[in-house]
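Treat the numbers as computed from the prediction; the structure is a model and nothing was measured.
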Amino acid sequence: MTGTGPRVESSTPRVESGAKTETETVSGSALRSGSHTRAQISAQEGSAVSPPPPIRSVPSEPSLAPTESPQPAKWGLPLAVVVVGMFMSTLDTSIVNVAIPTMQKQFSATTDSIQWVSTAYTLCLGVIVPTSAWLGERVGLKRLYVIALISFSAFSALCGMAGDLNSMILFRILQAIPGGVLPVTCLTILYRIVPKEKLGAAMGMYGFGIVVAPGVGPTLGGYLVEYVNWRLIFYINVPIGVLGAIAAMAVLPRVPGVAGRRFDLPGFLCIAAGLFALLLALSEGQTWGWTGYRVLILLAVAVDLLALFVVIELQAKEPLLNVRVFAYWPYVNSLLLIAILSIGLFAVLFYVPLFLQEGQNQTPMNTGLTVLPQALVMTVMMPLAGRIYDWIGPRWPAVIGLALTGGGTFLLTAINIDMTRQELIVWTMIRAAGLGLAMMPIMAGGISSLPASIVNSGSAFNTLTQRVTSALGLAALTGLATAQQAQFMADRSALLQSSGPSGDPRIVAMEQHGGLAGLLPMWQQLKIEVEAQAYSDVFLVAGVCTLAGALLAFALRSGKPTGTGDAEPIEIG
């Protein structure tokens, strides 16, 4: 992109069927003056150019029109308030997992039943996230954020008071409703209140909720479960949420809603049912069997409904989510890279603590302390990555960050029962440094490529990508780990042949001294070794995917950001 100033997307883009979106260009002198807001620029543009009547209009999102984009002179404090909500909603997804075993004992539940504490939350998120963009327009972003924050706190308190498994699952479903609204609303508010030249620094702060919160969750959850009470993992949300809501009412700028926009019920039913079927299949695939008829039917239904959703949204005058965000390749590229990073992030956060507790018999608290340094590294890297983005754009932070992340993931392939805590901390810190460097420039680069009128939908699809791909990747990697463990155990079954002259002398000696019970220590050792080898293969696959993403990151824009909506759309619909 060349020229004297950034291109500003018209609030009512015009396209013909199969044609590209037309945009108008604001004079560079007006932008260089520094005294014009986006609303003023839009007003000048409208007075200078009188576009002809459109042949076919593209559905837009009125609440994100430039004329309604107040940007406070001091946006740091409002952004900090927004980050509180994002941090709370993301922390809850990882901190609860630590308490699952304790809740299982408390409620006398089976393993399959207690998993619904997490599964129900995930399924409800998939249903509610698509409505967040419409709610933000109808209710107003500030009001919706406050309502969601208070509701999340209230339902968290109910989860803490749950007396049995059924009530816990019900309250988790209720908690997921505001929990799904918060990430989309927070990202949209960030885009509205932060000047585009500071978007990288702002996204660096926003990243605390996306990647730092999952890293802190196991440590905080382990401490509360082991030394205090597991119910505090829910009660802790109450004072934070109430204080955050009060601060939001005081410092967030008012962004009014838009009356009259109808709710796209057919589109909502399609995407809600499609995501529900997809997430349910991914959650239960390991239990039901990936080739079982229930999983296959759910996957087929999900694909059909999501395809139908795209068709409906392209034809709707007021779509629930504007799928034309996928006409912008920089945004689509950022979603692909976010998917790769999300899969790797949650794979490490799941398998490393699991091996520490099962393979090395560490307590939840010690496990949390072992994975905590990676969260601290990301805390340092996030703001730095945001500033680097503001200087040179997303390409090189993403390429270098993905390379570091891939290298750190490859180091994790050396996981074994004899590894030291220091080794594991170094490996995860290297990986965390790359993740912290890459994530926010990728997200900022993708969002900034969209016209202001469809950023709300872009935020929703961004959140959906993180949620769905993390579940999809974890399910796929878990299936790989399970298959590998079965194969490795079968390959080593010859070790258990103790009869005859060809038997292992160690096993013969153990049988002579302790009978079959004497084989138990060797069996436990073999089980842990097989588990470590399977997890090693999981990290190998994750590392290869991450390095492939580094190649894809070369397609990101390089150079200092010039504004928003500067990418040419691809023809769609």
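Here CE of Met443 is found 9.5 Å from OG1 of Thr465. Values are rounded to the nearest 0.5 Å. Between the CZ atom of Phe171 and the OG atom of Ser156 there is a distance of 12.0 Å, given to the nearest 0.5 Å. Between Leu384 atom CG and Met382 atom CE the span is 11.5 Å, to the nearest 0.5 Å. Between atom SG of residue Cys270 and atom CG of residue Leu320 there is a gap of 10.5 Å, rounded to the nearest 0.5 Å. Rounded to the nearest 0.5 Å, atoms CG (Asp264) and CD1 (Ile312) are 7.0 Å apart. Atom-to-atom distance recorded for Cys159:SG and Met103:CE is 9.0 Å, nearest 0.5 angstrom.
For the pair Lys142 (side chain) and Pro253 (backbone), a donor-acceptor distance under 3.5 Å is absent. Using modelled atom types, no side-chain atom of Asp164 and backbone atom of Phe107 make a donor-acceptor pair closer than 3.5 Å. Without hydrogens or angle criteria, Tyr331 side chain to Ile447 main chain gives no donor-acceptor distance under 3.5 Å. Ser449 contributes a side-chain N or O that, together with a main-chain N or O of Gly446, makes up a donor-acceptor pair within less than 3.5 Å. In this structure, Glu318 contributes its side chain and Arg262 its backbone to a donor-acceptor pair below 3.5 Å. Panel note: side chain Gln466, backbone Ala339; no donor-acceptor pair is recorded below 3.5 Å. Although no hydrogens or angles enter the test, the distance criterion places a donor-acceptor pair under 3.5 Å between the side chain of Glu313 and the main chain of Leu321. Put simply, the side chain of Glu226 gets close to the backbone of Met365: a donor and an acceptor are under 3.5 Å apart. At least one donor-acceptor pair closer than 3.5 Å links the side chain of Tyr145 to the backbone N or O of Gly85.
Proximity of Val84 to Ile240: side-chain heavy atoms (C-beta onward) are separated by under 4.5 Å at one or more points. Using a 4.5 Å cut-off on side-chain heavy atoms (C-beta onward), Ile128 and Thr131 make contact. A 4.5 Å side-chain heavy-atom check between Ile100 and Gln115 finds at least one atom pair inside the cut-off. Using a 4.5 Å cut-off on side-chain heavy atoms (C-beta onward), Ile114 and Val117 make contact. Proximity of Met378 to Leu435: side-chain heavy atoms (C-beta onward) are separated by under 4.5 Å at one or more points. Residues Trp230 and Lys105 fail the side-chain proximity criterion, which asks for heavy atoms closer than 4.5 Å. For the pair Leu190/Leu79, a side-chain contact is recorded, criterion being any heavy-atom separation below 4.5 Å from C-beta on. Counting heavy atoms from C-beta on, the side chains of Pro195 and Trp75 come closer than 4.5 Å.
Under the side chain to side chain contact (heavy atoms under 4.5 Å, CB included) test applied with Val455, the options Leu450, Val325, Leu187 reduce to a single match, Leu450.
Inspection of the Asn462 and Ser459 side chains reveals no N or O donor paired with an N or O acceptor under 3.5 Å. Between Thr119 and Thr122, the side chains place no donor N or O within less than 3.5 Å of an acceptor N or O (distance only, hydrogens not considered). No side-chain donor-acceptor contact under 3.5 Å links Asn322 and Ser457. A donor-acceptor pair shorter than 3.5 Å cannot be found between the side chains of Asn237 and Ser153.
Scanning both residues, Ser113 and Leu165, for their nearest heavy atoms gives CB-CD2, 3.6 Å. Minimum heavy-atom separation, Ile177 to Cys124: CG1-SG, 3.9 Å. Across all non-hydrogen atoms, the minimal contact from Gly549 to Ile340 is CA-CD1, 3.7 Å. The nearest pair of heavy atoms linking Ile233 to Gly221 is CG2-CA, 4.4 Å. Here the closest heavy-atom approach between residue Ala398 and residue Leu556 is recorded as CB-CD1, 3.5 Å. In plain terms, the two heavy atoms of Ala444 and Leu199 that are nearest each other are O-CD2, 3.9 Å.
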Would you please test Tyr328 and Ser334 for side-chain hydrogen bond (donor to acceptor under 3.5 Å, both in side chains) and show each step? CA-CA 10 Å; Tyr328 294 84; Ser334 74; over 6 Å; no
side-chain contact (heavy atoms from CB on, under 4.5 Å) for Val146 and Ile246? Distances and angles first, verdict last. CA-CA 8 Å; Val146 172; Ile246 294 174; over 6 Å; no
Verdict with supporting geometry, Asn456 and Tyr191, side-chain contact (heavy atoms from CB on, under 4.5 Å): CA-CA 9 Å; Asn456 214 353; Tyr191 181 86; over 6 Å; no
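Taking a cutoff of 4.0 Å between a charged side-chain nitrogen and a carboxylate oxygen, Asp92 and Arg172 qualify as a salt bridge.
Contacts classified as side chain to side chain donor-acceptor pair (under 3.5 Å) and involving residues 337-352 (residues at least two apart or in different chains) are given here: Tyr351-Thr478.
Ring pair Tyr227/Tyr223 is tilted by interplanar angle, where 30° to 60° counts as tilted.
In this structure, the ring of Phe326 has its center less than 6.0 angstrom from the ring center of Phe461.
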